[in-house]
> 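Questions regarding the structure given below will be posed in turn.
Atoms within each ligand, like the ligands themselves, are counted from 1 in listed order. If you read the sequence from its start, that first residue is 1, and numbering goes on from there. Bear in mind that the values here come from a model prediction, so they are computed numbers and not experimental data. Note: hydrogens, waters and symmetry copies are ignored here, and every other heavy atom, side chains too, is used.
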Amino acid sequence: MKREPTTHGLPVWAEIDHTALAHNVRVLRERAAGAAFMAVVKADAYGHGLLPVARTAVAAGATWLGVAQMPEAFALRDAGVTTRLLTWLAVPGADFAGAVSRDIDLSASAPWTLDEIAAAARAVGRPARVHLKVDTGLGRGGAYGADWSTLVRHARPLEAEGVLSAVGVWTHFAHADAPDHPTVLAQQERLFEAAAEAERQGCRPEVRHLANSAATLVHPSAHGDLVRPGIAIYGLSPVPQIEDDFGLRPVMSLRARLALVKRLPAGQGISYGHLYTPTQDTVVGLIPAGYADGIPRNATNVGPVIVGDTRTRVAGRVCMDQFVVDLGSRSSAQAGDIATLFGGAPGEPTAQDWAAATDTISYEIVSRLGARVPRIHLGAAEDLGAAEDPA
Ligand SMILES: *Cc1c(COP(=O)(O)O)cnc(C)c1O
């Protein structure tokens, strides 16, 4: 028998379904069959757990991994992950030498970054791989307007010196979640124009890339040589306003055990500030998870929860470590019963439901999950190869 991790006695945990994760990677790869595939695993894999997610994504066919910060990239390499890996958000003084020596691709939006990368490459004694980032209209990272030509002209002598190679030209969308927005096409055209300019200057980029999850799913013309889906590999839609779920399956289910069940009389206010007051005698359950665990405090009175067959919502204030749910006067719930805040099974609330209830996006709901919440990996690559239980 395969050993599955147990949740016995845990107050709150997040189940990470690696079968769903692998399925989502395959669905997205089919959508962008001609392109290389970068699984974006920044921010602890959107809260799902960096290393196990990276390993499953690679096993399911991801050919690249992408992270925002250099320490995230180092964590992958230092754990033995050898997949092509890009990190894109560094500040002056970052450990570029550590990145070059670990064979990590870097991004540059400005000449200072190229200079620091070049110095690191000279020190390490091997050339760096750099993706030149162009701001095609997001107005955030990337070289904008005439700065693009400056960036390309700055890279060329460093290429000639042999200390770096501009292997990528890339950008990021402002409105990819609004498939019909006119900026989508304009940004795409600007990216390919910028890449052509770099080539005229002598660069030989291997990959031109711009597609996040939404573009991977709905804009085949933006796939370029490499797609960079994040949220969709976790089974959450980047375009929740569109009915289609694209065949994706949610990967994370957030569950807790009731720490206490008790009767309260009508009129007894619940939790700090008494923002919820039952109008009849009722049964309440105490959920041992709060804003320190990433439960939004503004889910007060609105966050959906299911306990057994009872679909209810947060009753009163979300506190640091706990909140209450109203289970109704006829509830037979017991301490220890499992409550699902969000999950993937039919009938369960979703991370998108929590996002809608708290006026945010599903990305924030999953990636803000606190360090105190154990991630329980089900069907992870390393489990699949684990020894049989001798008992
Ligand atoms: C986060 C991120 C992605 C992935 O975006 P999703 O909308 O989650 O698919 C892709 N590229 C860059 C540069 C990112 O920062």
> Look at atom 7 (O) of ligand 1 and find which of Tyr46, Tyr363, Tyr234 reaches it with the closest heavy atom.
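Result: the heavy atom closest to atom 7 (O) of ligand 1 is in Tyr363.
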
> Of all the non-hydrogen atoms in the protein, which one sits nearest to atom 12 (C) of ligand 1, and at what distance?
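The protein heavy atom lying closest is His172 CE1, 3.4 Å.
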
> Give me the other members of the hydrophobic cluster that Leu260 sits in, counting Ile, Leu, Val, Met, Phe, Trp and Tyr linked by side-chain heavy atoms under 4.5 Å, directly or via other members.
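So far as hydrophobic clustering goes, Leu260 is joined with Leu264, Ile270, Tyr276, Val284, Leu286, Val324.
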
> Counting each atom of ligand 1 from 1 as listed, which ones have a heavy atom of Ile231 under 4.0 Å away?
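Atoms satisfying the 4.0 Å criterion: 6 (P), 8 (O), 9 (O).
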
> Angle between ring planes, His219 versus Phe173, binned at 30° and 60°: parallel, tilted or perpendicular?
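Correct class here is tilted.
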
> Specify side chain, backbone, both or neither for Pro229, according to which of its non-hydrogen atoms lie closer than 4.0 Å to ligand 1.
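Pro229 to ligand 1: backbone contact only, side chain stays beyond 4.0 Å.
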
> Can you confirm whether or not the ring centre of His48 sits under 6.0 Å from the ring centre of His377?
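They do not qualify: ring centres at least 6.0 Å apart.
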
> Applying a 4.0 Å heavy-atom criterion (strictly less than), which segment of Phe173 is in contact with ligand 1: side chain, backbone, both, or neither?
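For Phe173, no heavy atom sits under 4.0 Å from ligand 1.
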
> With Ser213 as reference, evaluate Val227, Ile231, Val218 under the side-chain contact (heavy atoms from CB on, under 4.5 Å) test and give the passing residue.
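For Ser213, the side-chain contact (heavy atoms from CB on, under 4.5 Å) check succeeds only for Ile231.
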
> Counting heavy atoms only, which of His209, Arg228, Lys42 is nearest atom 2 (C) of ligand 1?
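Checking each option, the heavy atom nearest atom 2 (C) of ligand 1 is found in Lys42.
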
> Any idea how His181 and His175 line up, ring-wise: parallel (<30°), tilted (30 to 60°), or perpendicular (>60°)?
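Ring orientation, 0 to 90° scale: parallel.
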
> Considering the heavy atoms of Ser213, write down every atom of ligand 1 situated less than 4.0 Å from one of them.
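In order of numbering, the contacting atoms are 6 (P), 9 (O).
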
> Does Gly303 offer a backbone N or O that forms a donor-acceptor pair with the side chain of Arg313 under 3.5 Å?
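Side chain of Arg313 to backbone of Gly303: no pair is present.
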
> Counting from 1, what ligand 1 atoms have a heavy atom of Trp170 closer than 4.0 Å?
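Under 4.0 Å from Trp170, ligand 1 has these atoms: 13 (C).
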
